[in-house]
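Written out below as structure tokens is the structure these notes cover.
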Amino acid sequence: LQKLIHLLQATDDPLIQEQVLITLSNSAAFSVNQDIIRNLDGLSIIGGMLSDCVPKVKEKALNALNNLSMNIKNQEEIQVYITQVCRNVESAPLNSALQLAGLRLLTNMSVTSDYHHKMINSIPCFLHLLSEGTERTQIQVLKVLVNLSANPAMTRHLLRAQV
């Protein structure tokens with residue numbers, strides 16, 4: 001894992017970055033690896049890939065963060081990327097793999113109400129995706145909206161959102 005993280009930092013080749021991110025994402029399926037990746041500063045390195053201009057690299061980084069977001073300590077570090085993930089969801093092509101990857105991460109990050117406030121500005125986007133997206137996109141958006149709606153503090157924001 002350490003060598004993969006170092007390789008991710010050392011290369012500018014998008015194909016290598018994609019493969020490393022896929023491997024890290026698969027490794028994150030095991031909880032012990034989630035902690036190791038966090039302790040190796042992997043979350044911030046993977047999070048840094050969200051600003052990459054290659055959509056496939058962003059998508060794979062989102063998938064890796066999604067798998068890594070399965071524990072509370074990782075969520076505490078990943079939450080700093082929520083606003084950027086929301087922007088990626090908003091700017092990604094409609095129904096794209098990139099958009100779905102971002103929505104999946106937001107679903108995991110919205111299971112508890114700790115980070116809902118960071119998604120408030122994206123509620124109009126979520127509602128737009130609900131009306132314009134394909135069934136896969138709609139299902140993923142609904143998961144985020146259901147999580148947000150479980151928080152009474154979000155009621156006003158959900159009901160007042162401009163669609």
Side-chain angles (χ1 to χ4, degrees), residues 1-112 114-126 128-129 133-134 136-141 143-145 147-148:
L1 291 173
Q2 186 175 28
K3 288 181 181 184
L4 287 169
I5 292 168
H6 286 306
L7 179 58
L8 192 57
Q9 281 182 296
T11 186
D12 290 331
D13 184 332
L15 294 176
I16 294 173
Q17 291 172 334
E18 277 183 64
Q19 292 306 309
V20 170
L21 287 165
I22 289 169
T23 305
L24 288 170
S25 181
N26 291 339
S27 298
F30 303 98
S31 56
V32 65
N33 290 342
Q34 293 174 9
D35 293 333
I36 292 169
I37 292 169
R38 181 185 64 251
N39 292 332
L40 292 171
D41 200 30
L43 297 176
S44 65
I45 293 164
I46 295 168
M49 306 306 287
L50 296 178
S51 58
D52 197 285
C53 56
V54 179
K56 282 282 188 195
V57 172
K58 281 188 208 180
E59 175 197 339
K60 302 307 187 226
L62 286 165
N63 288 337
L65 289 174
N66 183 47
N67 287 349
L68 288 161
S69 71
M70 297 305 208
N71 76 47
I72 300 298
K73 285 185 178 178
N74 284 357
Q75 281 194 1
E76 290 170 2
E77 289 191 33
I78 293 170
Q79 60 92 15
V80 301
Y81 302 107
I82 290 176
T83 305
Q84 188 173 9
V85 172
C86 288
R87 281 195 306 264
N88 283 339
V89 167
E90 292 176 29
S91 64
L94 183 63
N95 306 313
S96 64
L98 175 60
Q99 191 171 63
L100 287 167
L103 288 168
R104 281 191 297 272
L105 176 56
L106 292 175
T107 298
N108 281 351
M109 294 301 293
S110 64
V111 169
T112 65
D114 296 345
Y115 311 114
H116 286 180
H117 63 283
K118 294 181 175 241
M119 299 179 204
I120 289 172
N121 292 334
S122 294
I123 291 172
C125 171
F126 299 151
H128 170 76
L129 294 176
T134 61
R136 286 179 69 198
T137 301
Q138 291 172 335
I139 289 168
Q140 213 52 60
V141 169
K143 289 178 181 182
V144 175
L145 290 171
N147 288 346
L148 295 177

> With Leu62, which of Val85, Ile46, Val57, Asn67 fulfils side chain to side chain contact (heavy atoms under 4.5 Å, CB included)?
Replying inline: Val85

> Donor-acceptor pair, Gln99 side chain versus Asn95 backbone, under 3.5 Å?
Replying inline: yes

> So, does Asn147 use its side chain to make a donor-acceptor pair with the main chain of Thr107 at under 3.5 Å?
Replying inline: yes

> At what distance, to the nearest 0.5 angstrom, does CG of Asn66 lie from CZ of Arg104?
Replying inline: 6.5 Å

>> If you compare all heavy atoms of Arg38 against all heavy atoms of Leu43, which two are closest, and at what distance to 0.1 Å?
In response: CG-CD1, 3.6 Å

> Does the pair Glu90/Arg87 count as a salt bridge with the N-to-O cut at 4.0 Å?
Replying inline: no

>> Could you check whether any side-chain heavy atom of Glu76 comes within less than 4.5 Å of a side-chain heavy atom of Tyr115, counting everything from C-beta outward?
In response: yes

>> Minimum heavy-atom separation for Asn74 and Leu68, please, with both atom names.
In response: ND2-O, 2.7 Å

>> Is it the case that over 12 heavy atoms from other parts of the model lie below 6.0 angstrom from the NZ atom of Lys56?
In response: no

> Between Met119 and Ser110, what is the shortest heavy-atom contact and its length?
Replying inline: CE-CB, 3.8 Å

>> How long is the straight-line distance from CE of Met70 back to CD1 of Ile78, given to the nearest 0.5 Å?
In response: 10.0 Å

>> Determine whether Asn121 and Cys86 satisfy the following criterion, side chain to side chain contact (heavy atoms under 4.5 Å, CB included), listing intermediate values before the conclusion.
In response: CA-CA 9 Å; Asn121 292 334; Cys86 288; over 6 Å; no

>> Rounded to the nearest 0.5 Å, what separates atom OG in Ser96 from atom NZ in Lys58?
In response: 10.0 Å

> Side-chain contact, heavy-atom cut-off 4.5 Å: Arg136 with Leu100?
Replying inline: yes

> Minimum heavy-atom separation for Asp41 to Ser44, with atom names?
Replying inline: OD1-OG, 2.7 Å

>> What's the separation between atom NZ in Lys60 and atom CG in Leu98, rounded to the nearest 0.5 Å?
In response: 10.0 Å

> For Leu21 and Leu8, which heavy atoms make the closest approach, and how far apart are they?
Replying inline: CD2-CD2, 3.7 Å

>> So Ser27 and Leu1, do their side chains get closer than 4.5 Å, heavy atoms only?
In response: yes

> Taking everything shown except Gln2 itself, do over 12 heavy atoms lie less than 6.0 Å from its CD?
Replying inline: no

>> Any non-hydrogen side-chain atom of Val141 less than 4.5 Å from a side-chain atom of Val144?
In response: no

>> Checking Leu105 against Tyr81 for the side chain to side chain contact (heavy atoms under 4.5 Å, CB included) test, could you report, in this order, the C-alpha distance in whole Å, the side-chain angles of both residues, the deciding distance, and whether it holds?
In response: CA-CA 10 Å; Leu105 176 56; Tyr81 302 107; 6.0 Å; no

> What closest approach, in Å, do Asn63 and Ala101 show between heavy atoms, and which atom pair accounts for it?
Replying inline: OD1-CB, 3.4 Å

>> Determine whether Asn39 and Ile36 satisfy the following criterion, side chain to side chain contact (heavy atoms under 4.5 Å, CB included), listing intermediate values before the conclusion.
In response: CA-CA 5 Å; Asn39 292 332; Ile36 292 169; 5.8 Å; no

>> Are Ser69 and Met109 packed together at the side-chain level, in the sense that at least one heavy-atom pair is separated by less than 4.5 angstrom?
In response: yes

> Hey, are the side chains of Leu94 and Leu129 touching, using non-hydrogen atoms and a 4.5 Å cut-off?
Replying inline: yes

> Out of curiosity, Ile123 CD1 to His116 NE2, how far, rounded to the nearest 0.5 Å?
Replying inline: 9.5 Å

>> As an exercise, state the distance from CG of Leu40 to NZ of Lys3, rounded to the nearest 0.5 Å.
In response: 13.0 Å

> So, the side chain of Gln75 versus the backbone of Asn108: is there a donor-acceptor pair under 3.5 Å, distance only?
Replying inline: yes

